[in-house]
Amino acid sequence: MRVLNVAEKNDAAKNIALCANRGPPNRREGLSQYNKIYEFQYQINGHQCTMIMTSVSGHLLTQDFSPQYRQWQSCPIVELFDAPLQTICPPNYQNIKRTLEREARTCQQLIIWTDCDREGENIGYEVIEVCRAANPRLGPQHVWRARFSEITPQAVNNALRNLVPPDERISNAVACRSELDLRIGAAFTRLMTMRFREIAQYKPFLNEKGLLSYGSCQFPTLGFVVERYKEISRFIREDFWKIKVTHEFKKPEKARVEFHWQRVRLFDQLCCEVIFDICKERPEATVTGLTEKPKSKWRPLPMDTIELEKLASRMLKINAKETMRIAEKLYSQGLISYPRTETNIFPKDFGLPNLVQQQIASPVWGAFAQNLLQLGPNPRAGKKSDQAHPPIHPLKFAPNLAGNEKRVYELIVRHFLATCSGDAKGFETILTIQITEEFFQADGLVITERNYLDVYPYDKWEAKTIPHCSVGLKFIPTRIEMAAGQTSPPALLSESDLIALMEKHGIGTDATHAEHIETIQTRQYAGMNDDRRFTPGRIGMGLVDGYDAIDRAMSRPHLRSQLEASLKDICEGRRNKADVLQEQIDNYRGIFLQAQAQIQKLRDALDRYTQ
DNA sequence: GCAAGGTC
């Protein structure tokens with residue numbers, strides 16, 4: 001019996017075949033240069049099978065409006081909410097499709113090995129659709145879903161012993177999301193672009209094509225940037241006052257120590273002055289406590305995509321989009337593992353020692369790796385798993401990289417070695433003194449074991465000496481002073497902040513955060529200042545304000561969150577696709593008609609910011 | 001020409 005197996009990408013197909021075959025399988029070319037065909041023998045339920053393993057490259061099919069609706073002037077825009085859609089295989093995927101069709105004709109069974117997430121289930125149905133059209137004998141009893149939580153020999157064999165039918169509900173949830181994104185995106189994008197592109201006053205602030213787009217992810221992303229900007233504009237600074245005590249200890253050891261007030265600060269100047277005067281009058285300080293307790297600084301969790309993007313942005317000042325471009329290149333050169341992963345826990349028996357061993361060759365961190373190998377790699381375990389890909393880790397030592405590729409690779413290696421190492425350990429000392437009725441304290445830190453910090457310069461943990469003086473010791477502080485200050489607004493969003501907000505509100509996926517952030521910049525809705533923080537542009541401010549005046553929901557994250565909840569209902573059988581689709585379309589058509597009728601509100605807002 | 005989701 002011949003069995004066609006299809007994974008979501010070539011890398012997965014290769015590894016699954018390797019695991020199932022317990023060794024390298026035969027490899028031959030398909031029509032697509034990136035998607036190879038792997039062949040091996042395997043027994044399923046006592047049947048000897050010739051396994052044909054190949055892959056797609058993500059979604060094989062996409063949806064678009066029927067041709068008569070694709071011209072922007074072809075119909076009243078509101079019709080896009082109901083216009084018929086077509087399923088298309090884009091030209092650059094035709095080779096993959098033809099390979100599937102050709103192989104499907106010779107097979108009696110089909111096993112779907114796409115990633116075990118929502119999109120994967122939908123991609124699985126695209127594969128089924130194409131294969132079944134080529135070979136109608138691949139009926140429901142001949143099509144199976146392999147469920148796996150990682151690509152290891154055990155998980156792969158287990159999946160083959162426990163094949164299940166594919167889950168159409170999960171696929172339907174994705175089809176629902178995808179249709180809504182298209183209809184809503186196209187409708188609002190055409191409306192805004194056609195109404196505003198030609199207005200001279202806006203032109204200096206628009207992108208080259210004059211495209212004003214709306215999308216269910218790009219707009220909430222812009223919303224976060226605008227919201228933070230406005231929060232800062234609204235912020236009213238408040239004056240406060242505080243008392244600072246400094247002492248230059250001569251014994252038991254020499255040290256300059258700053259004590260901070262236990263009241264932290266007061267917003268009443270007079271009140272602070274009164275207390276300050278009392279302290280100055282009777283400045284003698286008495287040590288009332290010295291506590292010392294162990295403190296550790298945790299080594300980082302295994303790296304997932306979001307962490308890579310955030311770290312590279314913060315520590316290397318390389319933006320998320322560029323980081324992913326580089327990571328994909330390193331991956332295609334076989335230097336690092338698959339860079340799009342939501343997993344931050346290494347599977348058991350992952351072969352970490354071998355991966356650490358690779359790094360011993362480095363003149364920079366080789367010694368650290370050598371030492372780590374002797375102690376045994378002991379990674380911290382996170383709680384997230386996408387059930388397909390392990391955390392990002394180096395595969396080989398790569399001495400010949402340069403520029404940002406070298407820096408990103410180094411970050412990945414150092415992070416990997418750090419996560420496999422031990423927490424930093426030390427002691428925290430808290431010294432408390434009393435001056436009249438007021439208490440002040442100073443914190444000290446002694447680092448006893450640096451451990452992971454030795455290989456991970458991105459974390460700072462600074463030792464601070466506090467003299468070991470005994471309780472009851474009295475001294476006159478070198479200085480007691482009153483200082484004035486002002487509360488300060490939060491900072492503009494950094495890229496790392498923005499990614500964190502997107503993740504928290506379920507805007508986009510780990511693979512798309514960087515793209516949405518890039519989109520709001522290429523649309524000139526937002527820009528990045530010299531501190532690498534996001535500032536809204538004039539059009540961005542105007543659009544958010546304008547939509548706020550029509551329907552607050554448009555630039556806020558909760559519409560997307562609500563859709564996510566409905567999609568979950570579809571997956572779990574509580575609702576069906578048609579029902580959710582109708583509800584969402586009706587809702588957005590309503591907002592669209594409002595926006596069209598009240599387009600002047602959008603114009604007014606844009607006018608305000610572009611004068 | 002438009003979205004967001006996959007991936008080379």
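Computed from a prediction, not measured in an experiment: that's the story for all the values here. Proteins get letters first, then strands, A, B, ... in listed order; numbering begins at 1 in each.
Partners of A/Q598 by side chain to side chain contact (heavy atoms under 4.5 Å, CB included), not counting sequence neighbours, listed by chain and number: A/I550, A/Q594, A/K601. Listed by chain and number, the residues in a side chain to side chain contact (heavy atoms under 4.5 Å, CB included) with A/A578 are A/N576 (sequence neighbours excluded). By the ring pair (Phe, Tyr, Trp, His ring centres under 6.0 Å) test, A/H59 pairs with no residue at all, sequence neighbours left out. In this view, A/Y331 and A/Y338 satisfy the ring pair (Phe, Tyr, Trp, His ring centres under 6.0 Å) rule, not counting sequence neighbours.
Atom CD of A/Q68 is separated from atom P of B/dC2 by 19 Å (rounded to the nearest Å).
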statement: Its contact letters, B for base, S for sugar-phosphate only and - for none at protein heavy atoms under 4.0 Å, make nucleotides 3-8 of chain B read BBBBBB

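Applying the side chain to side chain donor-acceptor pair (under 3.5 Å) test to residues at least two apart or on different chains, the pairs with a partner in residues 211-221 of chain A are A/D181-A/S216, A/S213-A/Q218, A/S213-A/R523, A/S216-A/R560.
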